[in-house]
Amino acid sequence: MKLPNSIVVILLIFALSSCKDKAPQKEESQKVDTTNQEKEGVQPFAAHIFSEFTNVRDFTMDGDETEAYFSLQSPGRELSVIMKIKKENDQWQDPEITSFSGRYTDLEPFLSPDNLKLYFVSNRPVLKDSTKTKDMDIWYVERSSKNDAWSKPKNIGAPINTDGDEFYPAVASNGNLYFTTIKKELESADDIFVSKWENNAYSEPQLLNGGVNTKGAEFNAYVAPDESYIIFGGWRRPDGIGAGDLYLSKNIDGQWTAAENLGADINSKQTDFCPFINNDILYFTSRRSNVTQKENGFTNAEELLSEINRYDNGASRIYLVKFVN
């Protein structure tokens, strides 16, 4: 049926007006990534990306804030892959699998301060001709510049890697490597060690002295490029707020001070872990949940699902907060 010209004109004007009304809303949603760093308190990071996943962790970013890496895991952690996101036109783009991940259990990426090495943990075979997976070792890839592709993965080798599990590498500007492992002879849970880079080789790993390690579990450390402080996860400590909290210890004349809980402004009643700092912003993984019951309950399915699927619903996701040491 052919409509009269007058009606067609009216419909066209209505359509253009509708598009105009919607445009600012779209523009506002695109600004989420660049404005949330200006808000006070803990905020979701790149919610339009990470809200799609129930299990992400281990965030690391380059100094220019143009590329970032994280671990994406299935809910049951049967799959664990290192992903990459790039920022274009001031917006974080969709995640992609990194060139070196996707086949084995890979997790816990950490970019070196010069952005030219990326350390991670994997169970991949050490021998090229083998298909037999190993325990968790520390590996790395490298590149000559940020414009170059990553190399093939390289096992960091002894004395850091052993026939046991090594986790969560973090490296300082001088090459000193901090990581988590369990030494049976210490009769404790996970501890944080450092292997110093001396004469182009790693030294025998040493347990961090001072106030970092306890008989409980310490893990997932971030070390400042100048080694002036360390932030790490502590599990169910007496001063804990949740199951796992973030703690800070300072390096004073080579001695690590008694670790202090970062407090309820950062830590939640659930697990907070995997810290990374870039340009005075603390990025970390959290399983925090603010899902609440309505006073009179739910009668609308859409409203219920909106509450269940909110960003801070207990899923493992990435957050950020301003951080001044």
Side-chain angles (χ1 to χ4, degrees), residues 56-64 67-73 80-85 97-126 133-146 148-162 164-181 190-198 200-206 208 218-227 230-233 273-278 283-285 318:
V56 296
R57 49 172 292 180
D58 315 319
F59 184 82
T60 187
M61 180 193 291
D62 71 329
D64 296 332
E67 64 176 7
Y69 299 82
F70 64 94
S71 302
L72 173 59
Q73 298 180 319
S80 185
V81 177
I82 295 176
M83 309 292 288
K84 175 183 179 179
I85 52 175
I97 299 175
T98 56
S99 59
F100 53 87
S101 189
R103 181 177 180 183
Y104 300 103
T105 297
D106 301 325
L107 67 160
E108 300 176 344
F110 188 95
L111 267 173
S112 61
D114 64 6
N115 304 312
L116 299 182
K117 281 189 177 181
L118 188 143
Y119 299 81
F120 65 100
V121 172
S122 179
N123 70 342
R124 63 186 59 213
V126 174
T133 57
K134 192 182 180 293
D135 57 276
M136 304 306 291
D137 274 356
I138 293 174
W139 294 70
Y140 68 93
V141 290
E142 55 188 346
R143 58 190 178 186
S144 299
S145 74
K146 283 187 61 178
D148 293 321
W150 289 112
S151 68
K152 296 291 186 182
K154 302 176 183 181
N155 189 288
I156 207 166
I160 294 174
N161 288 331
T162 66
D165 291 325
E166 288 78 33
F167 289 105
Y168 214 85
V171 66
S173 293
N174 58 13
N176 290 349
L177 185 80
Y178 294 70
F179 65 100
T180 302
T181 192
D190 302 50
D191 286 314
I192 299 171
F193 287 75
V194 60
S195 179
K196 295 184 177 181
W197 181 251
E198 299 173 332
N200 294 319
Y202 286 108
S203 65
E204 189 68 29
Q206 299 295 320
L208 257 61
E218 290 78 35
F219 47 90
N220 298 161
Y222 165 85
V223 64
D226 62 357
E227 296 178 293
I230 191 170
I231 300 177
F232 63 93
F273 57 122
C274 301
F276 184 83
I277 290 183
N278 197 51
Y283 300 86
F284 64 101
T285 306
I318 310 299

Can you tell me how far apart [atom1] ([X]) and [atom2] ([Y]) are? Round to the nearest 0.5 Å.
{"X": "Ser195", "Y": "Leu177", "atom1": "OG", "atom2": "CG", "answer": "6.5 Å"}
{"X": "Tyr222", "Y": "Thr60", "atom1": "OH", "atom2": "OG1", "answer": "9.0 Å"}
{"X": "Tyr119", "Y": "Ile160", "atom1": "OH", "atom2": "CD1", "answer": "8.5 Å"}
{"X": "Leu208", "Y": "Ile230", "atom1": "CG", "atom2": "CD1", "answer": "5.0 Å"}
{"X": "Ile138", "Y": "Phe167", "atom1": "CD1", "atom2": "CZ", "answer": "9.5 Å"}
{"X": "Ser80", "Y": "Asp58", "atom1": "OG", "atom2": "CG", "answer": "7.5 Å"}

Set of ring-ring contact (aromatic ring centres under 6.0 Å, His included) partners for Tyr202, sequence neighbours left out: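 So Tyr202 forms a ring-ring contact (aromatic ring centres under 6.0 Å, His included) with Trp197.
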
Residues which pass ring-ring contact (aromatic ring centres under 6.0 Å, His included) with Phe110, listed by chain and number, not counting sequence neighbours: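 Testing Phe110 for ring-ring contact (aromatic ring centres under 6.0 Å, His included), a comparison that skips the adjacent residues, returns Phe276.
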
Does [X] have any side chain to side chain contact (heavy atoms under 4.5 Å, CB included) partners at least two apart in sequence or in another chain, and if so, which?
{"X": "Glu198", "answer": "Lys196, Ser203"}
{"X": "Asp114", "answer": "Ser112, Leu116"}
{"X": "Ala68", "answer": "Phe59, Met61, Ile85, Trp92"}
{"X": "Trp150", "answer": "Tyr69, Ser99, Phe100, Leu111, Leu118, Val141, Arg143"}

Within the structure provided, determine whether [X] and [Y] are in side-chain contact (heavy-atom separation under 4.5 Å).
{"X": "Pro169", "Y": "Trp139", "answer": "no"}
{"X": "Ile318", "Y": "Thr285", "answer": "yes"}
{"X": "Thr180", "Y": "Phe232", "answer": "no"}

Criterion side-chain contact (heavy atoms from CB on, under 4.5 Å) on Met83 and Ile97, from CA distance to verdict: CA-CA 5 Å; Met83 309 292 288; Ile97 299 175; 3.7 Å; yes

Chi angles and distances behind the side-chain contact (heavy atoms from CB on, under 4.5 Å) call for Thr133, Thr105: CA-CA 9 Å; Thr133 57; Thr105 297; over 6 Å; no

Which heavy-atom pair separates [X] from [Y] by the least distance, and what is that distance?
{"X": "Pro225", "Y": "Ala172", "result": "O-CB, 3.5 Å"}
{"X": "Glu166", "Y": "Val121", "result": "O-CG1, 3.6 Å"}
{"X": "Phe120", "Y": "Pro109", "result": "CB-CA, 4.1 Å"}

Applying salt bridge (Lys or Arg N to Asp or Glu O under 4.0 Å), name anything that partners [X], two or more places apart in sequence or on another chain.
{"X": "Asp191", "value": "none"}
{"X": "Lys84", "value": "Glu67"}
{"X": "Asp135", "value": "none"}
{"X": "Asp62", "value": "Lys146"}

Residue pair Asn123, Met136: steps toward the side-chain contact (heavy atoms from CB on, under 4.5 Å) verdict: CA-CA 5 Å; Asn123 70 342; Met136 304 306 291; 3.5 Å; yes

Pairwise salt bridge (Lys or Arg N to Asp or Glu O under 4.0 Å) hits with a residue in residues 104-113, at least two apart: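 Counting only pairs at least two positions apart or across chains, the salt bridge (Lys or Arg N to Asp or Glu O under 4.0 Å) contacts touching residues 104-113 are Arg57-Glu108, Asp106-Arg124.
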
Chi angles and distances behind the side-chain contact (heavy atoms from CB on, under 4.5 Å) call for Ser151, Tyr140: CA-CA 9 Å; Ser151 68; Tyr140 68 93; 5.8 Å; no

Qualifying residues under side chain to side chain donor-acceptor pair (under 3.5 Å), relative to Asp148, sequence neighbours excluded: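 Checked Asp148 against side chain to side chain donor-acceptor pair (under 3.5 Å); matches are Ser145.
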
